[in-house]
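All remarks here apply to the structure that follows.
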Amino acid sequence: MLNYNHKEVEKKWQEKWEKDGLYKTSEDTTKPKYFILDMFPYPSGEGLHVGHPKGYIATDIFARLKKMQGYNVLHPMGWDAFGLPTENYALKHKVHPRIATAKNIDTFKKQLLKIGFSYDWEREINTTDPEFYKWTQWAFLKMFERGLAFESFEPIIWCPSCKTGLSMEDLEGGRCERCDSEVERKPMRQWVLRITDYADRLLADLDKLPDWEHSIKEMQRNWIGKSTGAIVKFAIVDCRFPNEKKIEQEIFTTRPDTLFGATYFVVAPEHPLISDFRLSISNFNEVEEYMKKAGAKSDMERTELNKEKTGVKIEGLVAINPVNGEELPIFVADYVMMGYGTGAIMAVPAHDERDFEFAKKYNIKIKPILHSYLEFWNESEKTLTRRTVNPTSVNSGNKIEDEELLSLLKQQAQKDINKDPSHAITDYGWLFDSGFLNGYYAIEAKEKMIAWLTEKGLGKRAVNYKIKDWVFSRQRYWGEPIPIVHCEKCGAIPVPESELPLRLPDVEHYEPSGTGESPLATIPEWVNTKCPKCGGAGKRETNTMPQWAGSSWYYLRFIDPKNNNALIDIKKDKYWSPVDFYVGGAEHATRHLIYARFWHKFLFDIGAVNYEEPFTRLQHVGLIMAEDGRKMSKRWGNVINPNDIVEKYGADALRVYEMFMGPFSQSVAWSTNGLVGARKFLERIYNMQHATRNMQHGGGAGTSAILNLLHKTIKKVGEDILEFKFNTAISAMMILVNALEKEKEISRDTYEKFLIILAPFAPHITEEIWSGLGNSESIFKQSWPKYDPELIKDEKIQMVIQVNGKLRDTIEVDANISEEDAKKIALESEKVKKFIDDKEIMKVIFVGGKLVNVVVK
RNA sequence: GCCCGAGUGGUGAAAUUGGUAGACACGAGGGACUUAAAAUCCCUUGACAGCGAUGUCGUGCCGGUUCGAGUCCGGCCUCGGGCACCA
């Protein structure tokens, strides 16, 4: 038996490929292109574990296939290296983040190189490289020019442990995603990107991405969270002067059709209305106390305590319902959020669960105004039947004119609310007690109400999004400096493009101040500068950009990594963009992938790129769990380093095993036994060289059964790779190997074709065998074998014979057997006869090339 | 609570438009080779009954459509993911 020495072989070929520039990207634009991209890693201090390369292996196999099929393939790698994890690591270990980053990248790269990826390392990028972040800053300035980047003074989310402001996307369950601390609200100056301006396009264009996974699109839709409804103006009146309208307070509602059912009005504890009217509020002390209590609660507590709603009635003020002039009591309650809509709502307890709960607790009137069904008691059968009142049974089809029917619906609604509170939830139905909306169905009533409000100037159609503008500044050191100078005379002035990159100063101390000031603020020689506009004294912006800045556009730079004049050459972008296939973790669905789509659309708007969406096809990679079923983590001590696996079993075994584990996007637990299986599979292939040793090149095509199987395998492997079904591709190759092993001799041609289709999975061992067979050119310069459609046709098939759908016999017949012959053979089968002997044959069903089913009674 | 997705052997899993359920692999059991072990090779391996041929049952549960359902429809249950007082 030959002994396969993976260590020697893998090293040999990795050096040779590197020396020959085998993976250098071709710029021959006459060929079709394919841009296949991994989400570039964040080089942490911990190095890669075996789960990380899973996606990289998949894209590598795909890239190699595409290259062998004649495409110009762009398959690059780089480093997303700015941000808190490195900075915290650096503080802890007392090394400068720059040094730590360089060290971590070195570790990561060494790990990746051992696995034998076909990356074009000449295009390697690093977000912390000034030549790279020059363009991150440039894009920021372009946004600033267009008012998309602006300074805001609204309170933001602050992580006391990371000592920085965060964006909505940086939270996980209301806590800091990075350190799991409870976050606070902190009023401070910050830079914000107006991503909400793009919310509608980000949502609508998801429909233009058919090759994105459904689940990820769904997550983005939920995150953007579009609601359509109306803004309605309520007058706020001081009870002492009922005829004097103080102000108009707007509310947002998705259900303007239920305006007649509003029985109270609520404002968020942070709402300015309260302090503006403090003199009108007779119980201001009580209200103020509630506001303080609510303010002391973190966002976490506020949502966790959602079982019991709290609030305080504001005495001395009422809100006037614009549709009927009714006076509504006003409450302050923390179930209404300042950050969504207008921070004030009309409450319709009969048709909203939350309002219902609150109204019950504080004894507020619950007034139903719509319902959809009636119940009838059948005395003889003693049953209660529920009948939905449907539009067709009603007059013209869309409006109930019958007063009696409406009054029955009203009685039913009242009955249901008294009986079972769960009936009180928002429901669609026919309206009553609603003035001009009486008799209409809710959906139409909504439109009628919007039209009415608009006409009277009391409101208008409105859209609200859950997505918030992107808080874009961090009060930390390790990030891109924001290229702005503050001048007392001129305000915030952009650093001129010619001065980019604005380099991050190299300093000894970069500890966060914790006060909301960036560590950069402590370096006077850096902070103090001239105003680019007036030349007077100016101070540099000291906040830095968040970790997600560079990753929002990095993929473009791979196309043109060394361009000094532009972010990307528009012609090169035209050829290579968009990314044809993007593979990475699902955890980026609502952060990186939304940010990148936003930046890309912006770059498109300013004419910097040609296409509106950056990623055509998107696939998420399933996690690899530890053997104990938990996540691999230092904390559990169950991390497996790919270096150890490569050392012991070889990179090819690792690659084949990770692709064979199960469906690509599913998470699976690591199994060393399974890995050993992959290694054995490769050894068997290596040892098969014996059987081919004496064969002449191109000689002996092999038996027809083997040829048939070979061509079926070529077809299946090619198709499965394109669909990311690597597990079944490998299984097909295993079936072929099992069959080849049973042969005394293997044709050289068959063996070589098989090696080529295996090569993307196991590049080292196949290249070694390939060269050992006397081939001087790399196996990766071969073109992907074509299967012969004639050869994969089966002449004989196993025809299944069923009786009443149950398998009773299988008989080998000609593949193109006629219906008549098939039925005849089926009925003559001894096994079948046993089951139809004493029965009447009702019919016989024939499915060509598959089966005969005899139906008997 | 709301929105997605998924439930198949001891395990990871396969299964064109509805057409042989469990491919392929791991594990387990048995055997060959060996002084012995490892490695390798061969056989068995969904459950139940049977010496066997074979039969019955079987894709989370209940029901339906169909000659025929893992696959389609209706109603549940469980698990995973996302969002979470978003008006």
Side-chain angles (χ1 to χ4, degrees), chain A residues 1 3 172-174 213-223 225-227 229 251-255 258 266 268 302-307 309 333-337 339-348 351-355 357-358 425-426 464-468 586-587 589-590 620 656-657 660-663 665-678 680-681 683-684 687 725 727-738 741 797-810 831 834 842-857:
Chain A
M1 188 189 65
N3 192 12
E172 208 176 278
E213 267 174 86
H214 170 81
S215 61
I216 292 185
K217 281 194 278 191
E218 210 48 39
M219 277 189 230
Q220 292 212 349
R221 285 193 187 103
N222 289 338
W223 192 260
K226 181 177 181 172
S227 310
I251 59 109
F252 173 73
T253 176
T254 55
R255 296 296 303 271
T258 63
V266 191
R302 226 167 122 166
T303 48
E304 252 177 22
L305 294 174
N306 72 16
K307 285 169 209 118
K309 292 199 173 12
D334 68 3
Y335 81 92
V336 173
M337 303 288 147
Y340 185 81
T342 62
I345 63 159
M346 66 157 180
V348 185
H351 303 291
D352 181 280
E353 234 175 325
R354 296 149 302 176
D355 297 344
E357 200 187 317
F358 191 85
I425 55 163
T426 304
N464 246 291
Y465 297 94
K466 275 203 263 184
I467 194 171
K468 300 275 185 298
E587 69 272 21
T590 52
H620 91 267
V656 169
Y657 170 60
F660 187 60
M661 287 176 94
S665 52
Q666 194 171 302
S667 80
V668 217
W670 177 265
S671 151
T672 303
N673 277 326
L675 174 72
V676 172
K680 285 180 185 166
F681 168 62
E683 279 177 2
R684 283 160 63 201
N687 293 336
K725 287 159 71 175
N727 54 336
T728 50
I730 291 169
S731 140
M733 290 189 285
M734 284 173 169
I735 292 169
L736 177 63
V737 167
N738 289 345
E741 272 185 337
I797 55 147
Q798 296 293 319
M799 185 171 73
V800 168
I801 303 168
Q802 300 177 327
V803 177
N804 284 349
K806 282 195 174 143
L807 173 72
R808 295 303 177 192
D809 201 1
T810 58
K831 288 176 185 168
K834 265 191 356 201
M842 306 299 288
K843 59 177 158 175
V844 180
I845 286 158
F846 171 74
V847 181
K850 282 232 162 68
L851 60 75
V852 172
N853 186 14
V854 184
V855 185
V856 295
K857 204 164 81 176

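Since the model is a prediction, treat every value here as computed from it, not as a measurement. Letters A, B, ... are given to chains in the order of the sequence lines, protein chains preceding strands, and every chain is numbered from 1.
The side chain of A:Val800 lies closest to B:rU20, out of B:rA15, B:rA87, B:rU20. With distances taken from any side-chain atom of A:Tyr335 to the nucleotides B:rC85, B:rA14, B:rG12, the minimum falls on B:rC85. The side chain of A:Tyr340 sits closest to B:rA87 out of B:rA87, B:rA21, B:rG82. Nearest to the side-chain atoms of A:Phe660 among the listed nucleotides B:rG12, B:rA87, B:rC85 stands B:rG12. When the nucleotides B:rU20, B:rA15, B:rC4 are ranked by their closest atom to the side chain of A:His214, B:rC4 comes out on top. Closest to the side chain of A:Thr810, out of B:rU20, B:rU54, B:rA25, is B:rU20. Picking from B:rG19, B:rU56, B:rA14 the nucleotide with the shortest atom distance to the side chain of A:Asn727 gives B:rA14. Of all nucleotides listed (B:rA25, B:rG82, B:rC26), B:rC26 comes nearest to the side chain of A:Asn673. Comparing B:rG19, B:rU20, B:rA25 by their closest approach to the side chain of A:Val847 singles out B:rG19. Each of B:rA25, B:rC67, B:rA87 was ranked by its minimum atom distance to the side chain of A:Phe252; first place goes to B:rA87.
Across every non-hydrogen atom of A:Ala589 and A:Ile216, the tightest pair is CB-CG2, 3.9 Å. Heavy atoms only, all atoms of each residue included: A:Ser227 and A:Thr254 are closest at CB-CG2, 3.7 Å.
Annotation: B:rC24 and B:rU8 have their C1' atoms spaced 16 Å apart (nearest Å). B:rG18 and B:rA87 are spaced 39 Å apart, taking the P atom of each and rounding to whole Å. The C1' atoms of B:rG80 and B:rC72 are separated by 25 Å, rounded to the nearest whole Å. Taking atom P in both B:rG81 and B:rG30, one finds a spacing of 40 Å when rounded to whole Å. Taking atom C1' in both B:rG70 and B:rU59, the straight-line distance is 5 Å, to the nearest Å. For the P atoms, the distance linking B:rC3 with B:rU71 amounts to 24 Å, nearest Å. Of the P atoms belonging to B:rA53 and B:rC76, the separation is 46 Å, rounded to the nearest Å. Comparing the P positions of B:rC33 and B:rC26 gives an interatomic distance of 24 Å, to the nearest angstrom.
Nearest-nucleotide assignment on RNA chain B puts the 5′-proximal partner with A:Arg684, out of A:Asn464 and A:Arg684. Both A:Thr728 and A:Arg808 lie near RNA chain B, and the one whose nearest nucleotide falls closer to the 5' end is A:Thr728.
Base-pairing analysis of RNA chain B finds the following stems of at least three consecutive Watson-Crick or G-U pairs, with both pairing distances under 3.5 Å: B:1-7 with B:77-83, B:10-12 with B:24-26, B:27-32 with B:40-45, B:46-49 with B:54-57, B:60-64 with B:72-76.
Regarding A:Lys226, its NZ atom lies at a distance of 19 Å from the C1' atom of B:rC83, rounded to whole Å. For the pair A:Arg221 CZ and B:rC4 P, the interatomic distance rounds to 11 Å; values are reported in whole Å. The CD-P distance, from A:Gln220 to B:rC4, rounds to 17 Å in whole Å. Rounded to an integer number of Å, the gap from CG of A:Asp355 to P of B:rG1 is 20 Å. Across the protein-nucleic acid pair, A:Asp352 atom CG and B:rC85 atom C1' stand 9 Å apart, rounded to whole Å. Distance OH (A:Tyr657) to C1' (B:rC26): 9 Å, rounded to an integer number of Å. Between A:Lys806 atom NZ and B:rU54 atom P the separation is 17 Å, expressed in whole Å. At whole-Å resolution of the value, NZ in A:Lys680 and C1' in B:rG27 are 11 Å apart.
Nucleic acid contact for A:Thr253: sugar-phosphate only, since backbone atoms but no base atoms lie under 4.0 Å from a heavy atom of the residue. Across all strands shown, A:Asn853 has heavy atoms under 4.0 Å from base atoms, whether or not it also approaches the sugar-phosphate. Residue A:Leu851 is in base contact, counting any heavy-atom pair closer than 4.0 Å across all strands shown.
Partner of A:Gln802 under the side chain to side chain contact (heavy atoms under 4.5 Å, CB included) criterion, out of A:Leu851, A:Asp809, A:Ile845, A:Val847: A:Leu851 alone.
Base orientation at B:rG29 is anti, since its O4'-C1' glycosidic dihedral falls outside 90° of 0.
For A:Asn222 against B:rC83, no side-chain N or O and base N or O form a donor-acceptor pair under 3.5 Å. Looking at A:Glu218, its side chain has no donor and acceptor atom pair within 3.5 Å of the base of B:rG82. Side-chain atoms of A:Lys309 and base atoms of B:rC85 include a donor and an acceptor less than 3.5 Å apart.
Here A:Glu213 contributes atom CD and A:Glu218 contributes atom CD; the two are 12.5 Å apart, rounded to the nearest 0.5 Å.
Remark: A:Lys680 engages no residue in a salt bridge (Lys or Arg N to Asp or Glu O under 4.0 Å) (not counting sequence neighbours).
Looking only at distances, a side-chain donor or acceptor of A:Asn687 sits under 3.5 Å from a matching main-chain atom of A:Glu683.
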Checklist entry - Where along nucleotides 42-53 of chain B does protein come under 4.0 Å, by heavy atom, of base (B) or sugar-phosphate alone (S), with - for untouched nucleotides? => result ------------

Item to check | Criterion side-chain contact (heavy atoms from CB on, under 4.5 Å) on A:Glu353 and A:Glu357, from CA distance to verdict | outcome: CA-CA 6 Å; A:Glu353 234 175 325; A:Glu357 200 187 317; over 6 Å; no

Item to check | CA sep, side-chain torsions, deciding dist, call: A:Arg684, A:Asn738, side-chain contact (heavy atoms from CB on, under 4.5 Å) | outcome: CA-CA 9 Å; A:Arg684 283 160 63 201; A:Asn738 289 345; 2.4 Å; yes

Next on the checklist: Between A:Ile730 and A:Met733, does the side-chain contact (heavy atoms from CB on, under 4.5 Å) criterion hold? Intermediate values first, please.
Outcome noted: CA-CA 5 Å; A:Ile730 291 169; A:Met733 290 189 285; 4.2 Å; yes

